[in-house]
Amino acid sequence: MIKHSKIYNDRWLQIWEKKGRELKSPKIENIINANGHNTKFGQFKKKEWNKYIKSIFKNIKIKKGSEILEYGCGAGAFLSYWYGKKYHLSGVDYSKSLITKGKKYFPKINFKVGEISSLVSFNKKFDLIFSHSVFQYFKNYRYAENLILGMLTKLKPKGCVCILDISDKEKEYLYIKRLKKEMGKQEYKKKYEKNKHLFYKKTFFKDFANKNNLELKIFKHSSKFNKNSKYRYNLTLRFK
């Protein structure tokens, strides 16, 4: 298994482990919070959360009976949308405490603790493999490339890889400026000076798609429920 310290900032791992230990209730709002989706820029209730997910996947056909895998699933906030609706759900996350809670709250989801090696260890392939608001926590771009390659090995021929809520390099300055204004410079420095996010140019994914003969679609997702979305973008990758 790839060591966390080689890929992620260990400070982020400590944060997610703490959130998992503090999660005491299967209430969806609590799981959303533990997965880090509630921020100063937006708070989700169950109804808004379901609308948010539905709006993201509105242009991606997901048939009943589909095999769905989430990388960076936390305790299952996203997967809960499909839970109990005749889908086959799996999830991978590097936080043991969050996965432990996910197994407790959603026993029919096939959860695994780990990273790329855990993802590729599944003995089946998937119709949809997605990751939401995860790529910014990687230490380097090489890991992002290796992860997508791993996803592709587990994708069905007509399947789709969907990477969501990617931090836009072109809007990095505006995002940080707003964070400092909302949080205050001292709080921002305390939280993010050593816990920096990784921002991506769109050309990073365009070059990857061209090199691997993939169909790439990049799309915006401006959401009133997630004000961070104006600084992010989404994409899909498919085999040609």
Side-chain angles (χ1 to χ4, degrees), residues 1-2 7-8 52-74 76-79 81-83 85-94 109-112 114-170 198-221 223 229 232-240:
M1 181 180 294
I2 299 170
I7 305 305
Y8 295 92
Y52 176 62
I53 297 174
K54 187 176 181 179
S55 67
I56 291 175
F57 291 101
K58 65 182 178 181
N59 295 319
I60 301 172
K61 294 181 180 180
I62 307 173
K63 297 179 181 179
K64 290 290 179 70
S66 291
E67 296 280 357
I68 300 173
L69 170 64
E70 180 181 8
Y71 182 88
C73 62
F78 254 88
L79 292 172
Y81 176 77
W82 294 284
Y83 194 70
K85 298 179 182 177
K86 297 182 180 180
Y87 297 94
H88 304 289
L89 306 175
S90 301
V92 174
D93 198 279
Y94 78 139
I109 296 177
N110 185 8
F111 286 107
K112 289 189 179 186
E115 298 177 22
I116 297 175
S117 57
S118 292
L119 183 149
V120 300
S121 70
F122 284 97
N123 60 357
K124 58 183 175 182
K125 295 197 174 185
F126 298 88
D127 300 285
L128 171 65
I129 302 175
F130 76 95
S131 187
H132 180 280
S133 198
V134 171
F135 274 55
Q136 69 261 33
Y137 297 113
F138 301 156
K139 268 191 172 182
N140 56 60
Y141 298 107
R142 180 176 294 179
Y143 182 79
E145 288 186 344
N146 289 337
L147 172 59
I148 302 171
L149 289 172
M151 289 176 168
L152 293 170
T153 67
K154 306 308 294 185
L155 190 67
K156 293 182 181 180
K158 294 183 179 180
C160 175
V161 168
C162 192
I163 305 172
L164 307 166
D165 213 40
I166 303 165
S167 296
D168 191 343
K169 184 67 176 178
E170 294 179 2
L198 192 63
F199 290 76
Y200 295 80
K201 293 181 179 179
K202 293 183 178 70
T203 53
F204 170 82
F205 295 102
K206 291 177 181 178
D207 291 343
F208 178 89
N210 289 333
K211 185 167 65 175
N212 292 281
N213 196 31
L214 300 168
E215 177 187 312
L216 168 69
K217 290 186 179 179
I218 296 175
F219 58 101
K220 295 180 180 180
H221 183 66
S223 169
S229 64
R232 310 284 174 88
Y233 60 93
N234 305 326
L235 63 83
T236 58
L237 289 164
R238 299 178 187 270
F239 295 118
K240 287 186 177 179

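Nothing fancy with the numbering, it's 1 onward along the sequence.
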Between [X] and [Y], is there a donor-acceptor pair closer than 3.5 Å when you use the side chain of the first and the backbone of the second?
X	Y	value
D168	R232	no
N110	S90	no
S131	Y71	yes
K202	I218	no

Return the minimal non-hydrogen interatomic distance between [X] and [Y], and the atom names on each side.
X	Y	answer
I109	G91	CG2-N, 4.3 Å
L79	C73	CD1-CB, 4.1 Å
K112	S121	NZ-OG, 2.8 Å
F239	L152	CZ-O, 3.5 Å
E145	K211	OE2-NZ, 4.3 Å
T153	V120	OG1-CG1, 3.8 Å

Starting at [atom1] of [X], measure out to [atom2] of [Y] and round the result to the nearest 0.5 Å.
X	Y	atom1	atom2	result
S167	L198	OG	CG	8.0 Å
S66	I60	OG	CD1	11.5 Å
D165	Q136	CG	CD	6.5 Å
T236	L216	OG1	CG	7.0 Å
L69	F130	CG	CZ	8.5 Å
K217	L235	NZ	CG	12.5 Å

- So with a 6.0 Å cut-off around NZ of K61, is the heavy-atom count from everything else above 12? no

- Give a yes or no on this: more than 12 heavy atoms of other residues, nucleotides or ligands lie within 6.0 Å of atom NZ of K86. no

Take the angle between the ring planes of [X] and [Y] and call it parallel below 30°, perpendicular above 60°, tilted in between.
X	Y	result
F135	F205	tilted
Y141	F204	tilted
H132	F78	tilted

- Could you check if a side-chain atom of F208 sits within less than 4.5 angstrom of a side-chain atom of L149, using non-hydrogen atoms only? yes

- Query: Can you find a pair of side-chain heavy atoms, one from L128 and one from F57, that are under 4.5 Å apart?
  - Reply: yes

- State which residue, out of I116, L237, I129, N212, fulfils the side-chain contact (heavy atoms from CB on, under 4.5 Å) condition with I148. L237

- Verify side chain to side chain contact (heavy atoms under 4.5 Å, CB included) between L147 and F138, making sure each step is shown before the conclusion. CA-CA 10 Å; L147 172 59; F138 301 156; 3.6 Å; yes

- Message: Using the rule given for side chain to side chain contact (heavy atoms under 4.5 Å, CB included), can you reason through K156 versus F126, listing the C-alpha separation, both sets of side-chain angles and the distance that settles it, and then say yes or no?
- Response: CA-CA 6 Å; K156 293 182 181 180; F126 298 88; 5.7 Å; no

